[in-house]
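Here's the structure we're looking at; comments come further down.
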Amino acid sequence: MTETTAITLKGPTSRAPSEAAGYIELVGVSKSFDGILAVNNVDLTIRKGELFALLGASGCGKSTLLRMLSGFEQPTTGDILLEGRSLTGLPANQRPFNMMFQSYALFPHMTVAQNLAFGLKQEGKGKREVETRVAEMLERVQMTAYYKRKPHQLSGGQQQRIALARCLIKRPKLLLLDEPMGALDKKLRTRMQLEVANILESVGVTCVMVTHDQEEAMTMANRIAIMDGGRILQVGTPDEIYEQPNCRYTAEFIGSVNVFDGVIVDDEVNYVNIASPQARNTLHIGHGISGFAGQPVSVAVRPEKIQISLERPAQPFNCEAGEVDDIAYLGSHSVYHVKLESGMDVSVTAMNDERWAGERLTWHDKVWVYWDEHSAVVLTS
Amino acid sequence: MSAAPGIPRFSKICLLIGFFFLYAPMVVLIVYSFNDSDRVNIWGGFSNRWYGELFRDEAMMSALWMSLRLAFASATASVVLGMLAALVLTRVRNFRSKTLFGGMVTAPLVMPDVIIGLSLLLLFVGMANTFGWPAQRGFLTIWIAHVTFCMAFVTVVLSSRLRELDKSLEEAAMDLGASRLGTFFYITLPIIAPALASGWLLAFTLSLDDLVIASFVAGPSSTTLPMVVFSSVRLGLSPQINALAALLILAVSAAAMLAYLLTLRDERRRHEQA
Amino acid sequence: MSPARRKIAWRLPGQYLLVVIPPYIWLLLFFVIPFAIVFKISLAESAIAQPPYTAFYEYVEDVLTFRVSFANYLFLLTDSLYFDAYVSSLRIAAISTLICLVVGYPIAYGIARTQGPLQSLLLMLVILPSWTSFLVRIYAWMGLLRNNGIINSVLMSLGVVDEPIRMMNTEFAVYIGIVYTYLPFLILPLYANLVKLDNRLLEAATDLGAGPVSRFLRITLPLSMGGVIAGCMLVFIPVVGEFVIPELLGGSETLMIGKVLWGEFFNNRDWPVASAVATVMLVLLLIPITLFHRYQFREMEAND
């Protein structure tokens with residue numbers, strides 16, 4: 001991590017999730033409320049020491065999953081295991097898991113120090129130990145000077161650090177973060193993402209966070225699970241999720257993407273050709289996908305992987321003619337919306353890597369868009 | 001003091017007239033309680049002799065003492081029961097007879113006093129005939145009656161406060177290892193304490209004020225202050241009642257002022273937290 | 001249903017049993033069962049006994065015999081006094097509810113549109129009178145309304161009238177007393193409702209060309225309907241059974257069912273007829289009470 005943040009790193013400097021078997025395992029977990037499935041048969045393995053993000057739109061079941069981990073809800077069917085032992089039936093106050101709430105839920109009638117001490121007092125820890133651990137934790141989150149304050153006398157970022165500290169002081173086996181940056185404004189959010197990630201790293205705690213913000217998940221998490229309709233669609237590292245989405249929902253949820261619908265023409269070991277009514281020329285991908293001829297598939301290409309030019313490129317495939325329909329100038333880069341001859345809209349991102357680069361193309365220019373054989377992804381679902 | 005620009009002038013006029021209507025009679029009453037004349041409506045100079053006579057009236061004083069004890073006991077019990085009822089309404093998941101429970105809690109808010117009074121008296125008479133208890137009607141029976149209807153008002157006050165309370169505070173406490181009971185005593189109770197206090201005060205004044213229900217369920221030996229006042233007022237105006245009324249108005253205003261300051265502080269604190 | 005599910009379903013109420021049971025039992029015992037007893041006694045006959053009514057059942061030659069009589073209800077139907085009292089109670093309650101609404105709505109609206117500490121102060125000024133003794137407030141009006149009371153004295157000394165206007169012991173005095181006593185009960189729920197009204201809705205309506213009248217009729221009023229109903233029911237229902245106000249301010253001229261019930265019970269000592277009067281009143285009030293309950297329960301219950 002960078003040296004610019006104020007927190008000193010005490011733990012290992014990079015997260016090294018153990019590759020050993022699952023630390024926390026969810027086996028066929030479902031939850032229904034009044035007959036409506038909120039979480040549908042989820043299998044998930046969380047490794048020790050990793051920061052795992054559940055990412056999805058609101059109502060996708062991610063919060064219910066988190067509440068089942070915390071013990072506020074019990075699964076309708078299925079089981080949650082911690083190091084191989086079932087947690088079913090164990091209520092929240094008996095689980096070695098702690099949750100940082102979206103609203104932080106700092107007790108308004110207690111001081112910062114009393115908030116931190118609360119969890120330890122519930123464990124029946126002695127006065128001495130409580131005092132030392134509170135002091136240690138305040139030091140770690142750099143809030144020592146504020147120990148006498150009431151929560152409403154703290155800024156948003158400070159409140160968040162106290163909320164985090166109140167969980168960590170219990171040395172939980174799993175830390176749950178519910179939309180950790182949800183209550184902060186955008187500027188503060190970027191700073192706190194790094195700060196929180198640093199604190200977590202220095203402690204080395206295993207973490208599951210829930211968020212609807214892909215940027216937050218990509219910045220903070222080691223692995224991400226994409227959820228929709230109560231199911232987990234894909235689990236992977238941030239770059240796996242982005243570069244190798246396994247379905248259309250994931251591809252479209254993370255970043256923006258151009259999707260061509262078509263059928264497989266021929267599928268060999270080292271390439272696959274796809275014909276799409278939305279493209280004049282063949283869509284060619286430089287690896288096989290073990291499909292069959294005639295199988296309906298989608299081809300996804302990210303806007304930044306597409307080139308745009310006034311001249312026709314040399315390649316016979318993955319290139320289409322069109323007309324510039326709209327240009328969004330975003331400073332560092334511009335997004336061109338190109339209407340292909342087939343009528344499909346394709347968006348293309350181009351870096352404005354020199355001044356006035358954005359003026360090279362203008363509205364209604366006849367252009368060519370093209371991309372490399374390794375740039376597109378074939379989606380079968 | 002800045003009136004928002006959004007208040008229509010019509011509303012402002014209504015507010016002024018409304019407050020005049022509400023307060024003028026009480027002001028007149030207080031002024032005339034210092035009237036030296038025996039005749040209530042003729043000003044005979046300033047005097048506080050009616051206050052002296054009021055305090056020398058033993059029947060009045062013993063009824064006042066009875067009413068105060070009763071109000072204290074009723075308020076305390078109805079805060080306990082109302083707290084439980086509010087918890088049931090806001091914190092317990094739906095159970096089969098929750099609607100019936102809700103009906104039982106809300107109905108006393110509007111039920112005419114004569115119906116509550118009559119029905120409770122008939123219950124007490126029936127119970128006395130069947131079980132021999134309560135053998136005599138008095139403090140205990142009035143207390144039961146007052147708790148029953150005060151509890152409904154306390155429940156309304158507390159459940160609206162509990163509903164506003166961020167549930168994640170209680171969940172956080174449980175998450176940190178507190179039991180349900182511990183969560184209630186360490187987190188919920190301290191946070192809603194101002195609402196608890198104003199609920200108690202409300203129940204206290206309701207009990208102190210009740211005439212009809214107490215008249216039904218009181219025994220021959222137990223007389224509350226409103227009963228004494230009523231029988232005296234029925235016969236016409238009496239300067240002594242003027243003095244008593246003035247004292248009551250002042251006492252209640254002081255209590256209300258206190259409750260107002262409490263809630264104001266609570267609200268301000270909550271705003272700061274938000 | 002899976003075994004796990006069943007286990008949870010059992011456990012949840014168990015933890016709360018201690019919370020649910022005390023208020024539940026209390027209300028059942030002291031609020032619901034008494035109504036059943038009132039109904040039971042309304043079917044008995046008056047008797048010179050202790051208590052003064054015939055038994056619901058007795059053993060006649062070792063046979064359990066129930067004695068049920070509808071005579072009291074028939075009596076209520078035949079004697080026009082009761083019918084007139086019910087009608088007059090409902091009419092007085094309806095008219096005074098309407099007056100309270102007309103007076104209270106602008107006040108509630110004005111307070112809801114005020115901001116800051118002034119709002120809390122105004123609100124407290126509305127509540128404060130309802131915390132002072134109810135009897136005292138009625139008593140204050142007795143002093144004002146009498147023939148030789150303050151209002152008449154002032155009017156006569158100003159030469160507006162030559163002889164006192166008779167206000168005490170009229171329905172006018174009853175209306176004054178009811179509006180005076182019950183106005184805060186209408187203002188409070190209405191205020192609670194209006195204060196939640198999003199001002200941007202009114203701005204949007206203005207933006208779309210609505211004038212003040214149309215804004216009120218088409219935005220504010222429909223959105224505050226819940227508060228209007230709750231407030232009106234909080235006035236209407238208790239006023240139907242009101243005893244003290246008609247007794248002290250209305251004199252013998254005003255007929256209200258609460259007074260009739262009181263008279264039957266305390267003066268005539270006819271408990272069965274009093275019970276029948278109460279039962280009929282309760283039946284009449286069932287619909288307004290249900291209306292009120294639906295609103296209030298929704299307000300009180302956690303809505304998630």
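Heavy atoms only: backbone and side chains are in, while hydrogens, waters and symmetry mates are out.
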For B:M151, is it the side chain, the backbone, both or neither that has a heavy atom under 4.5 Å from a heavy atom of chain C? side chain
Rounded to the nearest 0.5 angstrom, the CE-CG distance for C:M233 and B:L109 is 14.0 Å
Say you draw a straight line from CZ of C:F266 to CG of B:L118; how long is it, rounded to the nearest 0.5 Å? 9.0 Å
Between B:S253 and C:L128, is any pair of side-chain heavy atoms under 4.5 Å apart? yes
Using 30° and 60° as the class limits, which term best fits the ring planes of C:W141 and B:F21: parallel, tilted or perpendicular? tilted
Hey, could you give me the CG/CZ distance between B:L248 and C:R137, rounded to the nearest 0.5 Å? 11.0 Å
What orientation do B:F124 and C:F30 show, parallel under 30°, tilted 30 to 60°, or perpendicular over 60°? tilted
Got a second to check how far C:L18's CG is from B:L84's CG, nearest 0.5 Å? 9.0 Å
So which part of B:F19 gets closer than 4.5 Å to some heavy atom of chain C, the side chain, the backbone, both or neither? side chain
Select, from B:I13, B:L121, B:D113, the one with the greatest count of heavy-atom pairs under 4.5 Å involving chain C. B:L121
To the nearest 0.5 angstrom, please state how far the CG atom of C:L125 sits from the OH atom of B:Y23. 4.5 Å
Would you mind checking which part of B:L162 comes under 4.5 Å of any heavy atom in chain C, side chain (CB onward), backbone (N, CA, C, O), both or neither? neither
Against chain C, work out which of B:I249, B:I144, B:L211 has the most heavy-atom pairs shorter than 4.5 Å and name it. B:I144
Among all residues two or more places apart in sequence or in another chain, which pass the side chain to side chain donor-acceptor pair (under 3.5 Å) test with C:Y24? B:S97
Any idea which of B:I116, B:L250, B:V147 has the most non-hydrogen atom pairs under 4.5 angstrom with chain C? B:V147
Looking only at B:L16, B:D210, B:L87, B:V212, most heavy-atom pairs under 4.5 Å shared with chain C are made by B:V212
For a 4.5 angstrom cut-off between non-hydrogen side-chain atoms, does C:Y139 reach B:V229? no
With sequence neighbours left out, the residues meeting salt bridge (Lys or Arg N to Asp or Glu O under 4.0 Å) with C:E247 are B:R234
Side chain, backbone, both or neither of B:L120 within contact of chain C (heavy atoms, under 4.5 Å): both
So, the part of B:L202 with a heavy atom under 4.5 Å from chain C: the answer is both
Hey, could you give me the CG/OG distance between B:L247 and C:S133, rounded to the nearest 0.5 Å? 12.0 Å
Evaluate the ring planes of C:F265 and B:F216, with Trp represented by its six-membered ring, and classify them as parallel (under 30°), tilted (30 to 60°) or perpendicular (over 60°). tilted
Using a cut-off of under 4.5 Å for heavy-atom pairs, which of C:I127, C:V32, C:L122 has the most such pairs with chain B? C:L122
Counting only heavy atoms closer than 4.5 Å, note whether B:L29 contacts chain C via side chain, backbone, both or neither. side chain
Quick check for you: among B:T148, B:L225, B:V88, B:V233, which has the greatest number of heavy-atom pairs under 4.5 Å with chain C? B:T148
By a 4.5 Å heavy-atom criterion (distance strictly below it), what part of B:V28 contacts chain C: side chain, backbone, both, or neither? side chain
